[in-house]
Amino acid sequence: MTVAEEKFSAKFEEVAANIKHRGAYYQEDAGEKGMALIEAKFKDTKLYWLADVKEDRIFSARFFAYGGKVSLVVGETLCSMVEGLTVDEACSLLKNDVEAKLRDNPDVASMPESKQKAFDTVEELLKLVKDQYISAKGVALASASIDKEDFKSTTELNLVAQAWLGLTLEEQKEQLELVLDEHIRPALMNDGGNVQVLDVTDGEKVLVQYQGACGSCGSSLGATLSFMESTLRKHVYNEINVVPQV
């Protein structure tokens with residue numbers, strides 16, 4: 001394989017450095033917004049999409065990917081492309097559409113040929129989305145007809161968000177440290193690693209630094225990072241994004 005074949009496009013590298021759609025939605029999130037939760041998993045990637053059942057339109061898209069940098073970029077690009085589309089429009093996308101989105105030059109592939117198979121995941125996931133949406137929409141419509149606590153739930157969630165965003169930086173870091181101590185650090189320390197909170201920006205971006213064995217572990221950008229982020233979202237604030245210091 002030549003040096004040229006090993007090259008990734010500048011757009012690929014830009015997306016890899018700015019992952020914005022990583023995360024999960026839960027049925028509670030869908031119920032709060034009166035939307036359908038579409039979940040689809042294939043191999044190392046799982047999608048969590050919220051769809052407006054009135055227009056069958058994708059309101060917001062998130063994903064988790066555990067296969068490393070390439071899987072993250074494919075998942076991020078797909079999610080950024082489908083927001084605002086109807087479910088049918090999204091499901092009509094092809095793997096070539098996603099790959100083309102990452103090209104600097106229309107005639108030059110976005111990544112080495114040896115990595116191109118990662119795009120196969122796109123069409124497999126979209127097949128599952130199309131099949132799953134029917135039942136997800138049914139659940140959303142049924143929930144809307146019997147749920148009398150929407151206003152109360154929304155008010156409680158808004159109060160939680162206001163309370164978190166009203167904390168000082170040091171208070172936010174203290175809250176994060178408590179959750180890390182209870183749910184994350186024991187497992188990391190068993191493997192000779194640890195994690196340190198460096199900064200919090202706008203209450204959402206949490207900058208962390210891996211320590212010890214975690215610094216060289218491949219899962220620090222995959223399973224470990226995803227678990228940490230989902231745990232902090234569950235126990236602290238649902239819009240948190242964890243970013244490891246490079």
Side-chain angles (χ1 to χ4, degrees), residues 15 19-67 71-101 118-161 204 226-227 229-235 237-241:
V15 172
I19 301 296
K20 300 177 180 178
H21 292 80
R22 183 179 58 230
Y25 281 119
Y26 303 97
Q27 199 61 54
E28 293 85 351
D29 302 313
E32 174 199 347
K33 295 177 172 61
M35 296 187 178
L37 172 62
I38 311 172
E39 297 180 77
K41 183 180 186 302
F42 182 75
K43 291 189 175 178
D44 61 12
T45 302
K46 185 169 184 178
L47 305 178
Y48 301 84
W49 294 357
L50 294 181
D52 180 347
V53 295
K54 294 180 180 179
E55 299 184 5
D56 296 328
R57 193 172 299 279
I58 299 165
F59 170 76
S60 184
R62 289 181 178 174
F63 78 101
F64 274 135
Y66 303 94
S71 295
L72 281 172
V73 170
V74 173
E76 173 69 21
T77 305
L78 175 60
C79 285
S80 67
M81 291 175 70
V82 302
E83 288 185 335
L85 299 181
T86 65
V87 174
D88 283 343
E89 288 170 343
C91 291
S92 70
L93 291 173
L94 302 174
K95 62 182 180 181
N96 291 341
D97 297 322
V98 179
E99 194 277 332
K101 186 78 172 177
F119 289 107
D120 292 346
T121 300
V122 170
E123 293 179 21
E124 296 298 331
L125 284 168
L126 294 180
K127 288 178 186 176
L128 295 171
V129 166
K130 190 170 186 177
D131 291 340
Q132 204 268 350
Y133 181 57
I134 297 174
S135 60
K137 183 175 181 177
V139 170
L141 292 172
S143 297
S145 67
I146 62 174
D147 189 359
K148 304 300 182 182
E149 300 296 326
D150 281 351
F151 179 76
K152 178 181 176 181
S153 298
T154 301
T155 301
E156 290 174 347
L157 286 169
N158 286 339
L159 289 174
V160 170
E204 296 183 2
S226 297
F227 177 66
E229 189 170 77
S230 62
T231 300
L232 292 177
R233 284 178 172 174
K234 179 179 180 182
H235 293 281
Y237 179 52
N238 194 45
E239 298 299 324
I240 282 177
N241 289 294

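Count residues from 1 along the sequence.
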### Task
Begin with the C-alpha distance, continue with both residues' side-chain angles, and end with the deciding distance and a verdict on side-chain contact (heavy atoms from CB on, under 4.5 Å) for D29 and L37.
CA-CA 8 Å; D29 302 313; L37 172 62; over 6 Å; no
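- The CG atom of L78 sits 6.0 Å away from atom CG of L47, with the distance rounded to the nearest 0.5 Å.
- The CG atom of D52 sits 12.5 Å away from the NZ atom of K33 when rounded to the nearest 0.5 Å.
- Looking at heavy atoms from C-beta onward, F64 lies in side-chain contact with S230 at the 4.5 angstrom threshold.
- Atom NZ of K101 sits in a sparse spot, with 12 or fewer heavy atoms from other residues, nucleotides or ligands closer than 6.0 Å.
- Side-chain contact, S60 with Y25: a donor N or O sits under 3.5 Å from an acceptor N or O.
- Every salt bridge (charged side-chain N to carboxylate O under 4.0 Å, His left out) that D56 has, sequence neighbours left out, goes to K137.
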### Query
Yes or no on side-chain contact (heavy atoms from CB on, under 4.5 Å) for K130 and K127, after CA distance, side-chain angles and deciding distance?
CA-CA 5 Å; K130 190 170 186 177; K127 288 178 186 176; 6.0 Å; no
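- In terms of heavy-atom proximity, A30 sits nearest to A36 at CB-C, 4.3 Å.
- In this structure, the separation between NE2 on H235 and CD1 on I240 is 11.5 Å, given to the nearest 0.5 Å.
- Considering R233, K20, E204, H21 as possible partners of N241, the one that fulfils the side-chain hydrogen bond (donor to acceptor under 3.5 Å, both in side chains) test is R233.
- With hydrogens and angles disregarded, a donor-acceptor distance shorter than 3.5 Å links the side chain of R57 to the backbone of G84.
- Here the side chains of L232 and Y237 are not in contact, with every heavy-atom distance at 4.5 Å or above.
- Ion pair R62/E239 flagged as a salt bridge, since at least one NZ, NE, NH1 or NH2 atom sits closer than 4.0 Å to an Asp/Glu carboxylate oxygen.
- Between the SG atom in C91 and the CD1 atom in I58 there is a gap of 7.0 Å [rounded to 0.5 Å].
- V87 places a side-chain heavy atom less than 4.5 Å from the side chain of I38.
- With hydrogens and angles ignored, the 3.5 Å screen pairs no side-chain donor or acceptor of T45 with any backbone N or O of F42.
- Atom CD of residue E32 and atom CG of residue N238 lie 8.0 Å apart, to the nearest 0.5 angstrom.
- Below 30°, between 30° and 60°, or above 60°: for Y48 and Y26 the angle between ring planes is between 30° and 60°, a tilted geometry.
- Closest non-hydrogen pair, A90 versus L126, comes out as O-CD1, 3.4 Å.
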### Message
Between I19 and F63, is the side-chain contact (heavy atoms from CB on, under 4.5 Å) condition met? List the steps.
### Response
CA-CA 10 Å; I19 301 296; F63 78 101; 4.2 Å; yes
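- Residue Y66 holds its OH atom at 4.5 Å from OG of S226, rounded to the nearest 0.5 Å.
- By the salt bridge (charged side-chain N to carboxylate O under 4.0 Å, His left out) test, E39 pairs with K46, sequence neighbours left out.
- Between R22 and E76 there is no salt bridge, since no side-chain N of the basic residue sits under 4.0 Å from a carboxylate O of the acidic one.
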### Message
The test is side-chain contact (heavy atoms from CB on, under 4.5 Å); show your working for V74 and V122 and say whether it passes.
### Response
CA-CA 8 Å; V74 173; V122 170; 3.7 Å; yes
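- When all heavy atoms of S71 and D44 are compared, the pair lying nearest together is OG-OD2, 2.9 Å.
- In this view, D97 and M81, L93, L94 satisfy the side chain to side chain contact (heavy atoms under 4.5 Å, CB included) rule, not counting sequence neighbours.
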